[in-house]
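FYI, side chains are in, hydrogens and waters are out, and symmetry mates aren't considered; it's all heavy atoms of this structure. Model, not experiment: these values are computed from the prediction.
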Amino acid sequence: MKRKIISALLALTMVISMTACGGGSGADSNSGDTAADAGAGDAAADAGSADAAVDTGSGAEEAAPVEGGSADENTLTVWTWDPNFNIYAIQKAAEIYAQDHEGFKVEVSEVQSDDIETRITTAVAAGDLSTLPDIFLMQDNSFQKYATNYPDVFTELTSVGIDFSQFSAAKVAYSTLDGKNYGIPFDNGAVINCMRTDYLEQAGYTIDDFTDITWSDYMEKAKVVLEKTGQPILTSQAGSPDLIMMMLQSCGSSLFKEDGSVNIDGNAELKQIMEIYVQMVKDGTLVEVTDWDQYIASLNNGTTVSALNGCWIMASVTVAEDQSGKWAITNMPKLDGASNATNYSNNGGSSWAISSNCQKVDLAVDFMNSTFAGSNALYDDVISKGALATWAPAGESEAYNQPVEFFGNDAIYAKIVEFATHTPSNITGAFYYDARDAVGVAVSNICQQGADIDSEIKTAQETVEFNMGG
């Protein structure tokens, strides 16, 4: 009872905060959606093929979402966003499941990520979880925050028969709390180093020269690339700490410690990473752009040599059809001197949750276990929409091992699934976005105002501790 009261008080506070601030979530969570939208093509039309297994009557964004679970014993209600990506995937999963489960349907409502979080908060504040659907999608970086603050919203999935060992350990960790599983991993946010091979050739390099390297090596080669091509090796959205977060996770470090305390001031890896970022800006090898649109434009108009981001960035890269064959993919550089440094990380992604309001948990679990946790056919299909699996067996399928002409006829999908299996876990917790934003402000002040790095790191630590009530 005490936990429920605390959850309700937290929820009320968050409702007020979201109403005042517009309910925005972190920039990295929006980045993946933007990329998926850009490269999804006509998936909405394709989704009609699943009509036999899907009821999308309330799927339009302007329509009110279906609230609560379905009264029909063979129907599950779902909240998710993006018709060309997540909605398409859940519809395709329902179509596949219905082949062996006659009469099964999902009733999908299009609800944006921020709105799902707001609706959960509102339901808890009202003390009425009956408005929640059977299944909802949640951004990975938000998952622990909501599972921590509102544990009564989620159905625990630790011992229901889903084999979580077949997913990337780092991906599973996002929806794991106190050793218990609360989410089914979905899309892959494995980081890729997506590079223009024609520019590399001008500088005397190949993609192999940027494979399995360190950041010090990368920085020196970036200077040569700038000198020979006139283009920076990277662009980044000003004020966004996405690249820093990717670098931090790649060496198994986080903005929080295991006990939940803030790990910014005194975090040697974080300081080294921030120094690399600032130095590359000074060198001109990393150019900060104003907004997301300018970032994407730099990839498409040839004013940068590479994109280092979650694999969903491919959907935006491939928009420039005239550049087909001029791109290649490899892993990211690793941090020099860090004991747990790797060439792998993650940015973005989401996981499915079964709500505590679901009255057909066995059906929902079997549906998820037979599709997102067990169907090559599903992942072979949704790969065409840019949705890559973190479910390891998918990488062994024929579809994932097909050469992709745009990326030099490399079997990039199998490669990316392999990258995901090497990604270290990181600690997100309930205040991840507070910490992330504080680091973003620090880096912005250092790059744009010449602020002292140690002072900014200390201020970031104090800001997060204050927000945590410490």
Verify whether the ring centers belonging to Trp327 and Phe407 lie closer than 6.0 Å.
-> no
What's the spacing between Ile329 CD1 and Ile412 CD1 if we round to 0.5 Å?
-> 4.0 Å
Pair Glu117, Ser142: side-chain N/O donor-acceptor within cut-off below 3.5 Å | yes
Separation between CD (Gln272) and CG (Leu248), nearest 0.5 Å, reads 11.0 Å
Will you find, in the side chains of Gln279 and Asp283, an N or O donor that is under 3.5 Å from an N or O acceptor?
-> yes
Identified ring pair (Phe, Tyr, Trp, His ring centres under 6.0 Å) counterpart of Phe143 within the set Tyr182, Phe154, Tyr432 | Phe154
Find out whether the Lys NZ or Arg CZ of Arg196 is both under 6.0 angstrom from the six-membered ring centre of Tyr199 and within 45° of the ring's axis.
-> yes
cation_pi(Lys221, Phe210) dist<6.0 Å, angle<=45 = yes
Examine the side chains of Thr428 and Gln144 and answer whether a donor and an acceptor come within less than 3.5 Å of each other.
-> yes
Flag the pair Pro185 / Trp391 as yes when at least one side-chain heavy-atom distance between them is below 4.5 Å, and no otherwise.
-> no
Can you find a heavy atom in the side chain of Thr285 that is under 4.5 Å from one in the side chain of Met219?
-> no
Quick one: are Asp115 and Trp81 in side-chain contact, heavy atoms under 4.5 Å?
-> no
In terms of side-chain heavy atoms, does Tyr295 have a donor or acceptor partner in Glu288 at a distance below 3.5 Å?
-> no
Please state whether the rings of Trp312 and Trp292 are parallel, tilted or perpendicular, taking 30° and 60° as the class boundaries.
-> tilted
dist Glu269:CD -> Ile244:CD1 (nearest 0.5 Å) comes out at 14.0 Å
Cut-off 3.5 Å, side chains only: do Asp140 and Ser350 have a donor facing an acceptor?
-> no
Which residues share a side-chain contact (heavy atoms from CB on, under 4.5 Å) with Phe431, sequence neighbours left out | Phe256, Asp434, Met468
Does Ile233 reach the side chain of Met280, with side-chain heavy atoms less than 4.5 Å apart?
-> yes
Residue that, paired with Asn300, satisfies side-chain contact (heavy atoms from CB on, under 4.5 Å) out of Thr304, Thr303, Ile296 = Ile296
Are any of the side-chain heavy atoms of Asn331 and Phe419 separated by less than 4.5 Å?
-> yes
Just checking, any donor-acceptor pair under 3.5 angstrom between side chains of Asp336 and Thr214?
-> yes
Gap separating the CE atom of Met245 from the CG atom of Asn141, nearest 0.5 angstrom = 10.0 Å
Among Val382, Thr371, Val108, side-chain contact (heavy atoms from CB on, under 4.5 Å) partner for Ile90 | Val108
Residue pair Tyr174 / Ser425, side-chain donor-acceptor N/O under 3.5 Å = no
Hey, are the side chains of Ser345 and Met247 touching, using non-hydrogen atoms and a 4.5 Å cut-off?
-> no
More than 12 foreign heavy atoms under 6.0 Å from NZ of Lys415: is that the case here?
-> yes
Which class fits the ring pair Phe186 and Trp352: parallel under 30°, tilted 30 to 60°, perpendicular over 60°?
-> tilted
Taking the inter-plane angle between the rings of Tyr97 and Phe367 on a 0 to 90° scale, is it parallel (under 30°), tilted (30 to 60°) or perpendicular (over 60°)?
-> perpendicular
Are Leu132 and Trp79 side-chain neighbours, meaning at least one heavy-atom pair lies under 4.5 Å?
-> yes
Rounded to the nearest 0.5 angstrom, the OG1-CE distance for Thr423 and Met332 is 9.5 Å
Do other residues, nucleotides or ligands put more than 12 heavy atoms under 6.0 Å from Glu201 CD?
-> no
Would you say Leu157 and Ile354 make side-chain contact, with heavy atoms under 4.5 Å?
-> yes
What is the distance from atom CG of Leu378 to atom NZ of Lys92, rounded to the nearest 0.5 Å?
-> 9.0 Å
